[in-house]
Amino acid sequence: TKVGVNPSDNASALIIKGEDLNALSDDPDELQSELAALAGPSAGPNGGQIYVDGFTAGQLPPKADILEIRINQNPFSAEYDKVGYGRIEITTRPGASKFHGQVMGDINASPLNTKSPFATEIPGYHTDFVNANVGGPLGKKTSFFLTYFRRDIGDDSIVSATILGPGPTFTQTPLSQSISSPRTLTNLSPRFDFQLTPNNVLSVRYQFFDNNFTNSGIGQFNLPSQGLNTHSDEHTMQLSDTQVFSAKTLNQFRFQYLHDASTATPQSVDPTLSVLGAFTNGGNSAGTSTDIQNHYEAQNLTSFFLGKHTLVVGGRLRDVQDTNTSNQNFHGTFTFSSLSAYRTTLLGIQNGLTPAEIQANGGGPSQFLIAAGTPPTSVNLFDVGLFAQDDWKLRQNMTLSLGLRWESQTGIHDHSDFAPRVGFAWGLNRNKNASAKTVLRAGFGIFYDRFAENLLLQSERFNLTNAAQQQYIVQSPTFFPNVPSISQLMGYAETPTFYKIDPNFRAPYTMQSAVSIEQQVSKSATVSVTYLNSHGAHQLFSNDINAPLPGTFPLGNPQLGTRPLGNSSGNIYDYQSGGLFNQNQMIANFNLRLNTKLTLGGFYTLSYANADTNGNTGSLIMNPYDIRQNYGRAGFDVRNRMVIIGNWNMPHR
């Protein structure tokens, strides 16, 4: 652990490898949460990004497949599009010259857990997983590494609701039961490394990921019929070719293809019955959905080692094809304001009362909602990024890093974005021939956020010219429990809601500045303090550009107001880029490595952030005619945060 003036030597970075990885969880979900915590509070609402062998998207590999993890390293490099503070880089394990392997398992059963306050009996529960890996040579020029991970969770969903007993009295009855909701996860990942020539190495890696969840959506007020079975699988193929052309030139080419398919199937296709404060029965309103995505990513990086200059130039092409099918609320939802209103309704139907008489007695549903239209929607999103980065060693104790990145994407009208980056490191030691023990480091960069495919999908599904779906809302319906046809509900069409991308939309970006002082405390310990300022411009939000004009409607009834684009046009949610955020952070880091026995690392962050939007979620502005009223403490502002990670090798290992 030493400070230095190279861009990758920043003391605020955290590098986890070897036996230090033992401090992290073997469970992939917990591992992802731990890495997010270790990455710390990234700037802005959208945060950093996880890279696996330099690629974006995809699932985390099993921990046994990880060679090392680098967090917040070289934060102002032009190679990356996302902000450097919060960036996680994972390198997977290659093959080896000798055979080796490992098998481990973990079991957790219900006797080890606490009781549930909502269950009269302790439901059965277990979690077990198996993690196995093997690697070694396949001839003189080929090696392999294979990992297998399987997790089985035998979980239960606890229902704690109030229902009505059978007729003729329909008495209120408490219901408490546990429903089995098992989950399984399987991950298989082989990797092969080929030494094609003394100066050329080809790596091929495949990862299969399969996740199943039975009876999702059950629990608390949601009865067993609300069960939703979800399944997703992902196939990832990665290819990396590294060639050494000469002592001064190195080239890396990478390609990734990722296919992701997910489905959700409800246990029941009956209309949803929602009794507020009591229970929800019938089919799950989420309905049946499928989502199929194909990701293509190609990168090329060429490094030139030219004396005091290390020059890296390269680019990345990405293409995402997304086909989504959803019939949410296609079977309809009846909502009752209370259990008493539902009981009155059942008694009235049993006694042959008319809907008007039932409503006069305080019964009947308060609302019926149903959707109809075309379930499938497809989009294609393409983006490109080109960069050049020069690390110039001005002196033995001084490095200047200059970088420029250019990005563009389809789907929006902004097709040219430049992102300059600059970094500076100065070793403050008096003896220029000795290693610096104190380093002053500063940097500035612009980082763009790309417009996401899910927002493009939303704007296509509910576009102005050909909205694929429409909702119908009937207040105090008189046809319960029957569901009328869509043709019978044409007069009850909800004020239509459309989504569009503003023609003046610009890609959101963050301007980030940082200055830090890093100190070598001893041979095995470093500390650093960093001040980080981030300003977000052209931040994304949704704005109803056809909202009723202020002063044209009585308080609480905006549907009676006058809309600037006509009342028949409904709500038009326009994706705009007029938001902003301001964030100031003070980060204190420490790293300690005592030989191979003890390693410790961590940070404390004090953060203040204000914003008028939540970023890439496309959050809706509170007042469409005055965005300034939305400005205040940001939803992503975590005032205090402290994380410590360590590994202690006991005697006899």
Side-chain angles (χ1 to χ4, degrees), residues 8 15-22 24 26 28 31 50-70 73 79-80 88-104 131-149 186-209 234-259 295-305 312 314-318:
S8 58
I15 301 175
I16 308 172
K17 60 182 179 179
E19 294 184 344
D20 295 344
L21 291 167
N22 294 334
L24 299 175
D26 294 289
L31 175 62
I50 296 178
Y51 297 83
V52 179
D53 290 332
F55 296 104
T56 58
Q59 302 291 332
L60 278 182
K63 194 180 80 171
D65 199 17
I66 295 176
L67 178 66
E68 70 174 15
I69 301 170
R70 295 175 177 262
Q73 191 170 52
E79 178 182 346
Y80 300 97
I88 301 170
E89 302 169 54
I90 296 175
T91 303
T92 58
R93 194 180 299 274
S97 59
K98 295 182 179 181
F99 283 103
H100 64 282
Q102 181 187 45
V103 177
M104 61 92 64
N131 199 341
N133 63 81
V134 61
L138 291 175
K140 294 182 179 180
K141 296 184 178 181
T142 304
S143 61
F144 79 99
F145 188 76
L146 172 67
T147 60
Y148 171 79
F149 179 86
T186 304
N187 191 310
L188 178 67
S189 179
R191 169 174 170 158
F192 297 91
D193 295 278
F194 305 92
Q195 185 80 46
L196 301 180
T197 69
N199 297 326
N200 189 3
V201 176
L202 176 67
S203 299
V204 179
R205 179 175 176 266
Y206 167 76
Q207 179 170 270
F208 170 71
F209 176 88
E234 185 176 285
H235 301 267
T236 305
M237 178 65 72
Q238 296 175 342
L239 182 149
S240 178
D241 182 68
T242 302
Q243 294 190 60
V244 179
F245 292 131
S246 68
K248 295 184 177 181
T249 307
L250 172 71
N251 190 80
Q252 293 176 289
F253 174 78
R254 304 169 184 155
F255 176 78
Q256 174 180 264
Y257 168 68
L258 185 150
H259 175 81
H295 296 252
Y296 303 87
E297 183 170 344
Q299 304 178 24
N300 195 84
L301 291 81
T302 305
S303 302
F304 302 94
F305 307 98
V312 182
R316 181 190 67 191
L317 303 175
R318 288 189 304 191

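The analysis underlying the following values was restricted to heavy atoms, covering all of them including side chains, and did not include hydrogens, waters or symmetry mates. This one's a predicted model, so the numbers in the text were calculated from it and none came from an experiment.
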From [X] [atom1] over to [Y] [atom2], what is the distance, rounded to the nearest 0.5 angstrom?
| X | Y | atom1 | atom2 | answer |
| --- | --- | --- | --- | --- |
| Lys248 | Ser303 | NZ | OG | 14.5 Å |
| Thr236 | Phe209 | OG1 | CZ | 10.0 Å |
| Ile69 | Leu31 | CD1 | CG | 6.0 Å |
| Tyr296 | Tyr257 | OH | OH | 4.5 Å |
| Leu239 | Phe255 | CG | CZ | 8.5 Å |
| Thr91 | Leu67 | OG1 | CG | 6.5 Å |

Using the side-chain contact (heavy atoms from CB on, under 4.5 Å) rule, take Leu188 and Leu146 through it: C-alpha gap first, then chi angles, then the decisive distance, then the call. CA-CA 8 Å; Leu188 178 67; Leu146 172 67; 3.8 Å; yes
Going by heavy atoms in the side chains, are [X] and [Y] under 4.5 Å from each other?
| X | Y | answer |
| --- | --- | --- |
| Met237 | Val204 | yes |
| Gln238 | Asp53 | yes |
| Phe99 | Pro137 | yes |
| Phe145 | Asp193 | no |

Taking atom types as modelled, is there a side-chain donor on Arg254 or Gln256 under 3.5 Å from an acceptor on the other? no
Side-chain donor-acceptor pair present, Ser189, Asp65, cut-off under 3.5 Å: yes
Tyr206 and His235: CA distance, side-chain angles, deciding distance, side chain to side chain donor-acceptor pair (under 3.5 Å) verdict: CA-CA 7 Å; Tyr206 167 76; His235 301 267; 2.8 Å; yes
State whether the side chain of [X] and the backbone N or O of [Y] hold a donor-acceptor pair below 3.5 Å, judged by distance alone.
| X | Y | result |
| --- | --- | --- |
| Arg191 | Ser203 | no |
| Lys63 | Leu21 | yes |
| Gln195 | Thr197 | yes |
| Gln299 | Gly54 | yes |
| His100 | Lys98 | yes |

Show your reasoning for whether side chain to side chain donor-acceptor pair (under 3.5 Å) applies to Glu297 and Thr56. CA-CA 8 Å; Glu297 183 170 344; Thr56 58; 2.9 Å; yes
Minimum heavy-atom distance between [X] and [Y], given as atom pair plus value:
| X | Y | answer |
| --- | --- | --- |
| Asp26 | Phe149 | O-CE1, 3.6 Å |
| Arg93 | Ala64 | NE-O, 3.3 Å |
| Ile15 | Gln73 | CD1-NE2, 3.7 Å |
| Phe305 | Thr249 | CD1-N, 4.4 Å |
| Ser143 | Gly95 | OG-CA, 3.4 Å |

Passes side-chain contact (heavy atoms from CB on, under 4.5 Å), Arg316 versus Phe55? Steps please. CA-CA 10 Å; Arg316 181 190 67 191; Phe55 296 104; over 6 Å; no
Evaluate the side-chain contact (heavy atoms from CB on, under 4.5 Å) criterion for residues Leu60 and Ile66: first the C-alpha distance (whole Å), next the side-chain angles of each, then the deciding distance (0.1 Å), finally the verdict. CA-CA 9 Å; Leu60 278 182; Ile66 295 176; 6.0 Å; no
Name the residue from Thr242, Asn200, Asp241, Thr302 that meets the side-chain hydrogen bond (donor to acceptor under 3.5 Å, both in side chains) definition with Asn251. Thr302
Take Asn187 and Gln207 through the side-chain contact (heavy atoms from CB on, under 4.5 Å) test and state the conclusion after the steps. CA-CA 7 Å; Asn187 191 310; Gln207 179 170 270; 3.7 Å; yes
Determine the interplanar angle of the Tyr80 and Tyr51 rings, folded into 0 to 90°, and report it as parallel if under 30°, tilted if 30 to 60°, perpendicular if over 60°. perpendicular
